[in-house]
J.: 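Sharing a structure below in structure tokens format, with a few things to ask.
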Amino acid sequence: MNFCVCIKQVPDVSAPIQVRDGELVMDAGRVVLNAYDASAVEEALVLTEQHGGEVEVLLIGPERATETIRKALAMGAARGTHLVVPEGTELDSAAVSKLLADHLGGSTYDVIATGKQAQDTDSGLAGAMLAERLGRPYATNAVGLAIDGDTLIVTRQGDAGQEIIALPKPCLVTCSNDMNDPRIPKLKGVMAAKKKPIETVAVSDVPSTSVRVLRYESVPARDPGETIDGEPSEQAAEVVRRLHEASVL
Amino acid sequence: MPSILSFVALSNGQPTRASLEVLTRCRQLAAQHGHDLAAVVLAPDPSAAADAAQQYGAATVYTVADSSFENALNTPMLGALDAVIEQAQPAVVAFPSTEGVKDILGALAVRTGGAVIADVAEFEIKDGGVEALRPVMAAKFLARTRAEGNPVLISVRSGSYVAEEAPVAGTVEAMAFTSSEAKQTLREVVASVTGGVDLSDARVVVAAGRGVKDDEGKRLVEELAEVTGAAIGASRAVVETGMFPATAQIGQTGKVVSPEVYFAVGVSGAIQHVAGMSNSRIIVAVNNNADAPIFDVATYGIVGDLYQVLPALIAEIKNANGTT
């Protein structure tokens, strides 16, 4: 099966971030391949290694985001496409899925895969939006994928348990990072990635957005906690006394 | 008159607590803005949940009865919700943020031509749009976000509002379900055993972290859950060891919980985990590392060996239960 994996470059959320005048300030400026997308790339590579086929990646982002496509190529993807938007372009999930659908309409990939959400916005909307625009059957929050003939078998984490869903190709799936540990590219892969083709497409018509961030705010601090000292029996007695006082046990 | 439509998710045929929280918030907004309040229930047998929705103020309850709603498959849910929205013409549609809802929300926004904000901690109707506060960047920050559309779809994190009854004598509008072209098929549901208490709805949660290393630690977690009537949760690290099922995972990639009491047992408190539990009213943390970040959010911190502290806690709670 042939896979197209939609990937995103995101800020490294573990790097220091501040909020200043309603804007996020990331002085370190570190950016990474969205971890959920990395799991989608990994799973597509494993499945094509086992069953044949090819993995391509597709990214929307400013010019500097090319490095994230190279990362996926170094992992083993065959080629990439970069839909280039101007630096600082604000896209909501609907606009992202529209640009992806415009590009992917009529394409014959058996499976379109992507992360279940982006690490920075945590919206988790674009995958299902893209499936709806393309008219593909889909499943979200996959924790396992397998191929059975012309069918993609998705194990998804649902509310009450794991649901095993059969999707006929062509289909779309969004992946959890609980699915696998994405490979760290080896030097050979990094060198090979430099020679792999990346097609760049300038986005001339950026869709208007119906959802926008007005401002960012700090999370209100919780009331400072209290350390309960003493021997385990004393600590236990004190905590249980407080919980009873609060009428929660 | 414009209306607000509130989606009611079910567990064992009854609305989940999170659904009633969302319905309560919608009722407040409807009163404030002079809107009608409606609810929608999709279930094999929606009658009990439709009654419950009226107890929480839904003047109209749209029901769609079909066995396919037993499991949250996206194709039938999408078709049914699109039809109800077409019928009800709501300005705002609000959902509890369950995995079933996350599965369809984006597609439903495209299908209805509406705008959508996912996973909010607060929302209000303002100047003809919806404004919401939602955690971003692994819940390190909040984004005040505005959506304009017709309708605006919104999903709400559990524990964001308090459910309050306000009974009305409403009407139930049963809608026919025309089964659509389901291309996907459900082969199996592997239900996980989490001790019977639904994690997202639990008043008390006992969560295990990496400090829980063996069967004895797991047994202590289970016993603490039993004596407190708690649901059992877990950090990603301990789910990966296979000791606890993935359905128990709490955090950015797992479930969001907001119980009255959260026992964090051997949980270090990585930001991804805290993102899923920081709305808890009281957090009791037990960890042998005094520098563990979980103590930054804990209401009561116990620095100590969980293998000594948990038996003491269990004995103390049993004792208190016996005497009160």
Side-chain angles (χ1 to χ4, degrees), chain A residues 13 17 19 24 93-94 97 119-129 131-133 137-141 143 157-168 176-178 210-219 222 225-228 232-233 235-237 239-240 242-244 246 248-249, chain B residues 71-72 74 98-100 102-107 109-111 115-119 135-149 183-192 228 246-247 252-253 260-261 282 284 295 297-304 308-309 312-313 316-317 320:
Chain A
V13 293
I17 306 172
V19 62
L24 291 182
S93 307
S97 64
Q119 267 169 293
D120 52 353
T121 59
D122 281 333
S123 285
L125 295 166
M129 285 178 159
E132 174 72 14
R133 291 186 197 281
Y138 72 96
T140 60
N141 200 18
V143 292
Q157 189 62 54
D159 288 299
Q162 294 190 337
E163 298 154 7
I164 299 172
I165 295 166
L167 296 176
S176 167
N177 58 337
D178 296 328
S210 56
V211 179
R212 65 196 161 91
V213 174
L214 303 176
R215 64 182 174 278
Y216 292 94
E217 299 172 8
S218 300
V219 177
R222 286 182 68 95
E226 208 177 316
T227 304
I228 310 293
S233 60
Q235 292 172 315
V239 164
V240 171
R242 307 273 186 117
L243 295 179
H244 272 288
V248 292
L249 276 186
Chain B
N71 298 299
N74 54 35
T98 64
E99 285 306 331
K102 288 178 190 178
D103 197 33
I104 56 137
L105 196 61
V110 169
R111 193 168 295 188
V116 55
I117 310 178
D119 226 23
V136 294
M137 301 281 167
K140 276 183 172 175
F141 298 96
L142 297 168
R144 193 165 289 279
T145 305
R146 179 173 173 83
E148 286 169 21
K183 287 188 201 138
Q184 50 163 305
T185 50
L186 182 70
R187 291 208 171 162
E188 196 185 339
V189 176
V190 187
S192 66
T228 53
T247 37
Q252 191 187 19
T253 62
E260 295 282 301
V261 188
I282 294 175
V284 179
F295 290 120
V297 296
T299 321
Y300 303 118
I302 296 179
V303 180
Q308 290 175 19
V309 174
L313 267 175
E316 196 64 44
I317 291 164

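Each chain gets a letter, A, B and so on, in the order the sequences are listed, and its residues count up from 1. Keep in mind that what you see is a predicted model, and the values were worked out from it rather than measured.
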J.: Can you name the residues that form a side chain to side chain contact (heavy atoms under 4.5 Å, CB included) with B:V189, not counting sequence neighbours?
T.: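 For B:V189, the residues satisfying side chain to side chain contact (heavy atoms under 4.5 Å, CB included) (neighbours in sequence not counted) are A:E163, B:N71, B:L186.
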
J.: Would you mind reporting whether B:L313 and A:Q235 have side-chain heavy atoms less than 4.5 Å apart?
T.: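 With C-beta onward as the side chain, the pair stays apart.
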
J.: Which heavy atom of B:I117 sits nearest a heavy atom of B:R146, and at what distance?
T.: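 Between these two residues, the closest heavy atoms are CD1-C, 4.3 Å.
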
J.: Just give me the residue among A:D122, A:I164, A:T140, A:L24 that pairs up with chain B most often, heavy atom to heavy atom, under 4.5 Å.
T.: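 Of A:D122, A:I164, A:T140, A:L24, A:I164 has the most heavy-atom pairs under 4.5 Å with chain B.
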
J.: Is A:I17 in contact with chain B via its backbone, its side chain, both, or neither, using a 4.5 Å heavy-atom distance?
T.: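 For A:I17, heavy atoms of backbone and side chain both lie under 4.5 Å from chain B.
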
J.: What part of A:N141 gets closer than 4.5 Å to chain B, counting heavy atoms only: side chain, backbone, both or neither?
T.: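 Side chain only.
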
J.: Kindly indicate whether the side chain of A:V219, heavy atoms from C-beta on, has any atom under 4.5 Å from the side chain of B:K140.
T.: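 With C-beta onward as the side chain, the pair stays apart.
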
J.: To the nearest 0.5 angstrom, please state how far the CD1 atom of B:I282 sits from the OG1 atom of B:T299.
T.: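 Result: 6.0 Å between the selected atoms.
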
J.: Which bit of A:A94 comes within less than 4.5 Å of chain B, counting heavy atoms only: side chain, backbone, both or neither?
T.: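 Nothing of A:A94, per the 4.5 Å heavy-atom cut-off to chain B.
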
J.: What distance separates B:I104 CD1 from A:L125 CG, expressed to the nearest 0.5 Å?
T.: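 Going from CD1 on B:I104 over to CG on A:L125, the span is 11.0 Å.
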
J.: Using non-hydrogen atoms only, which part of B:A298 is less than 4.5 Å away from chain A: side chain, backbone, both, or neither?
T.: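 Contact with chain A is through the backbone of B:A298 alone.
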
J.: If we define contacts as heavy-atom pairs under 4.5 Å, which of A:G124, A:S176, A:S218, A:P168 has the most with chain B?
T.: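 The residue among A:G124, A:S176, A:S218, A:P168 with the greatest pair count is A:P168.
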
J.: Of all of B:I302, B:V284, B:V261, B:V309, which one pairs up most often with chain A through heavy atoms under 4.5 Å apart?
T.: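 Most heavy-atom pairs within the cutoff with chain A belong to B:I302.
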
J.: Side chain, backbone, both or neither: which part of A:V213 has a non-hydrogen atom closer than 4.5 Å to chain B?
T.: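 Interface part for A:V213: both.
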
J.: Does A:R215 have any salt bridge (charged side-chain N to carboxylate O under 4.0 Å, His left out) partners at least two apart in sequence or in another chain, and if so, which?
T.: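 Checked A:R215 against salt bridge (charged side-chain N to carboxylate O under 4.0 Å, His left out); matches are A:E217.
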
J.: Pick whichever of B:V136, B:V110, B:L142 has the most heavy-atom pairs under 4.5 Å with chain A.
T.: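 Option with the greatest count: B:L142.
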
J.: B:Q308, B:E260, B:E188: which one forms the most heavy-atom pairs within less than 4.5 Å of chain A?
T.: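 Max contact count across the listed options: B:E188.
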
J.: Does any part of the side chain of B:V116, heavy atoms only, come nearer than 4.5 Å to the side chain of A:M129, both counted from C-beta?
T.: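 Result yes, sub-4.5 Å side-chain heavy-atom pair found.
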
J.: Examine whether an atom of A:T227 lies under 4.5 Å from a heavy atom of chain B, and if so say whether it belongs to the side chain, the backbone or both; otherwise answer neither.
T.: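 Both backbone and side chain.
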
J.: Side chains of A:V143 and A:Q162, heavy atoms from C-beta outward: is any pair under 4.5 Å?
T.: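 They are in side-chain contact.
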
J.: Answer with side chain, backbone, both or neither: which region of A:A131 has an atom nearer than 4.5 Å to a non-hydrogen atom of chain B?
T.: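 A:A131 has no heavy atom closer than 4.5 Å to chain B.
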
J.: Which one, A:I165, A:L167, A:L249, leads in non-hydrogen pairs under 4.5 Å with chain B?
T.: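 Option with the greatest count: A:I165.
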
J.: Which atoms of A:A126 come close to chain B, meaning under 4.5 Å heavy atom to heavy atom: side chain ones, backbone ones, both, or neither?
T.: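 Neither part.
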
J.: So how far is it from B:D119 CG to B:K102 NZ, rounded to the nearest 0.5 Å?
T.: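 Reported to 0.5 Å precision, the distance equals 5.0 Å.
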
J.: Counting heavy-atom pairs under 4.5 Å with chain B, which one of A:A128, A:G158, A:G127 comes out on top?
T.: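 Winner by heavy-atom pair count: A:A128.
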
J.: If we define contacts as heavy-atom pairs under 4.5 Å, which of A:V211, A:I228, A:D159 has the most with chain B?
T.: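 Among A:V211, A:I228, A:D159, the one with the most close pairs to chain B is A:D159.
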
